[in-house]
Trainee: 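Questions regarding the structure given below will be posed in turn.
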Amino acid sequence: MSAPAPLPRAFYARPVLDVARDLVGCVLAHGETSGVIAETEAYHDSEPACHAYVGLTPRTRTLFGPPGHAYVYRSYGIHALVNAVSEAEGIGAAVLIRALEPLDGLPAMRARRGLERVEDLCSGPGKLTQALAIELNGNDGDLVDGPIRILPRPPERPAPELIAGPRIGITKAAELPWRFCARGSRSVSKPWPPGLLPPRSGRR
DNA sequence: CATGGGATTGACT
DNA sequence: GTCAATCCCATGC
């Protein structure tokens, strides 16, 4: 049996909020490792939290490029964060992948992360790039036909119920509810939004 | 050309 | 709860 085809470019050439919602439940894959997307955030050049807010610069070139490419950048000098460039070419918009539920390549993920617990491997935007070995040189790579791929939601998995909340770790436009999490997922990054149903602390 | 601020994480008080 | 690590690049002189 063959692997499913990646999401088509038309998937990304839509409003970034739609792309952010629809990516939850899809599969991010790199090499032998992959995971189900549990959490995303949308960014758009019309609001100041987006890197593309400053316009077209060497840093933001990928964001303004064609949809369906990966925008990978270094955060806090340490971590690589991966986004899916969305909307039409010329619009600076992207969806940050914030958390995955590990699917394939668990041994490689554990080795790269130096951790054993499944729920700690990809439960943050910097963690998942380390687990999947996504580096800065993946910037501008084609998600439709490149080493970093995004595949449709596995048919045997039910469509996730989404919880929306404010984006994490930003100081500007922090009021926009542009973060989307899969309800009930143990892999979502902290802080958990209200209504997420934490794994065991939900009971009193 | 110097400076400052992150779309974070993990270790420590 | 607090805080340092560490690199890219936008900004301002």
Side-chain angles (χ1 to χ4, degrees), chain A residues 12 15-17 19-21 23-24 28 30 35 37-65 67 69-87 91-102 109-141 143 148 150 162-182 185-193 201:
Chain A
Y12 302 96
V16 69
L17 287 175
V19 178
R21 281 185 280 253
L23 277 178
V24 179
L28 177 68
H30 183 231
I37 298 173
E39 178 184 354
T40 63
E41 284 177 0
Y43 288 86
H44 190 275
D45 60 25
S46 62
E47 44 90 14
C50 182
H51 292 167
Y53 186 68
V54 298
L56 183 60
T57 67
R59 184 194 198 193
T60 63
R61 181 178 53 83
T62 302
L63 281 170
F64 285 96
H69 283 237
Y71 171 51
V72 186
Y73 74 97
R74 188 170 296 295
S75 176
Y76 290 92
I78 301 176
H79 308 287
L81 271 55
V82 63
N83 302 247
V85 175
S86 301
E87 310 232 1
I91 297 176
V95 176
L96 171 67
I97 311 297
R98 282 194 61 88
L100 306 176
E101 177 185 331
M109 291 190 192
R110 289 192 166 106
R112 291 163 183 161
R113 295 275 297 124
L115 293 168
E116 291 301 317
R117 295 177 41 181
V118 176
E119 56 268 48
D120 292 334
L121 294 177
C122 299
S123 54
K127 300 178 184 180
L128 70 92
T129 54
Q130 183 184 21
L132 301 209
I134 293 173
E135 311 278 352
L136 283 195
N137 59 16
N139 185 43
D140 205 33
L143 295 171
I148 304 171
I150 301 183
L162 296 187
I163 306 265
R167 295 174 294 182
I168 302 303
I170 58 172
T171 57
K172 292 169 280 197
E175 73 285 358
L176 296 176
W178 285 8
R179 180 194 188 201
F180 304 100
C181 301
S185 173
R186 296 170 317 228
S187 298
V188 167
S189 69
K190 293 194 296 184
W192 291 327
S201 55

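Reminder, nothing fancy here: chain letters follow the sequence lines and each chain counts from 1.
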Trainee: Calculate the interatomic distance between A:Tyr53 atom OH and B:dG6 atom P; express it in whole Å.
Mentor: 14 Å
Trainee: Please report the distance separating the C1' of B:dA7 from the corresponding atom of C:dG1, rounded so that it comes out in whole Å.
Mentor: 23 Å
Trainee: Tell me which of A:Lys172 and A:Leu128 sits closer to the 5' end of DNA chain B, going by the nucleotide each one is nearest to.
Mentor: A:Lys172
Trainee: When you measure from the side chain of A:Thr40 to the backbone of A:Ala20, do you find a donor-acceptor pair of N or O atoms at a distance under 3.5 Å?
Mentor: yes
Trainee: Expressed as a whole number of angstroms, how long is the span from A:Arg74:CZ to C:dT6:P?
Mentor: 12 Å
Trainee: Just how far, in rounded Å, is C1' of B:dA7 from CD1 of A:Ile78?
Mentor: 14 Å
Trainee: Choosing from B:dT9, B:dA7, C:dC8, which nucleotide comes nearest the side chain of A:Tyr43?
Mentor: B:dA7
Trainee: Hey, what are the protein-to-nucleotides 10-13 of chain C N/O distances that come in under 3.5 Å?
Mentor:
| unit_1 | atom_1 | unit_2 | atom_2 | d |
| --- | --- | --- | --- | --- |
| C:dA10 | OP1 | A:Thr57 | OG1 | 2.8 |
| C:dA10 | OP1 | A:Arg59 | N | 3.1 |

Trainee: If you apply the rule side chain to side chain contact (heavy atoms under 4.5 Å, CB included), what do you find for A:Arg61 with A:Asp140, and how did you get there?
Mentor: CA-CA 9 Å; A:Arg61 181 178 53 83; A:Asp140 205 33; 3.8 Å; yes
Trainee: Taking only Watson-Crick and G-U wobble pairs with both distances under 3.5 Å, what dot-bracket line describes DNA chain C, where [ ] shows pairs that cross earlier ones and | shows pairs with another strand?
Mentor: |||||.||||||.
Trainee: Both A:Gly169 and A:Arg113 contact DNA chain B. Which one's nearest nucleotide lies toward the 5' end?
Mentor: A:Gly169
Trainee: So, A:Thr60 side chain and A:Gly55 main chain: donor-acceptor pair closer than 3.5 Å or not?
Mentor: yes
Trainee: Using only side-chain N and O atoms of A:Arg98, determine if any of them is under 4.0 Å from OP1 or OP2 of B:dT8.
Mentor: yes
Trainee: Side chain of A:Glu47, backbone of A:Ala49: donor and acceptor closer than 3.5 Å?
Mentor: yes
Trainee: In whole angstrom, give the distance that lies between atom CG of A:Leu63 and atom C1' of C:dC8.
Mentor: 14 Å
Trainee: Ignoring hydrogens and geometry, is there a side-chain-to-backbone donor-acceptor pair from A:Asp45 to A:Ala52 under 3.5 Å?
Mentor: no
Trainee: Ignoring hydrogens and angles, does a donor from either the side chain of A:Tyr76 or the base of C:dA5 sit under 3.5 Å from an acceptor on the other?
Mentor: no
Trainee: Is A:Arg179 touching bases, backbone alone, or none of the nucleic acid, heavy atoms closer than 4.0 Å?
Mentor: nothing
Trainee: Has A:Glu87 got a side-chain atom pairing as donor or acceptor with A:Val16's backbone, closer than 3.5 angstrom?
Mentor: yes
Trainee: How long is the line joining CD1 of A:Ile168 and P of B:dG6, in whole Å?
Mentor: 16 Å
Trainee: Does OP1 or OP2 of B:dG10 have a side-chain N or O of A:Lys127 closer than 4.0 Å?
Mentor: yes
Trainee: Less than 4.0 angstrom from a charged side-chain N to a carboxylate O is my criterion; do A:Glu119 and A:Arg186 meet it?
Mentor: no
Trainee: Return the CD1 to CD distance between A:Ile168 and A:Glu39, rounded to the nearest 0.5 Å.
Mentor: 7.0 Å
Trainee: Is the side chain of A:Arg113 donor-acceptor paired with the backbone N or O of A:Asp120 at a distance under 3.5 Å, no angle test?
Mentor: yes
Trainee: Within this structure, what is the CZ-to-P distance between A:Phe180 and B:dA7, rounded to whole angstrom?
Mentor: 19 Å
Trainee: What is the distance from CD of A:Gln130 to P of B:dT8, rounded to the nearest Å?
Mentor: 15 Å
Trainee: Under 4.0 Å between any heavy atoms, over every strand shown, what does A:Ile170 touch: base, sugar-phosphate, or nothing? Just pick one.
Mentor: sugar-phosphate
Trainee: Less than 4.5 Å apart, any side-chain heavy atom of A:Ile37 and any of A:Leu100?
Mentor: yes
Trainee: Figure out the CG/P separation between A:Leu23 and B:dA7, and round it to whole Å.
Mentor: 20 Å
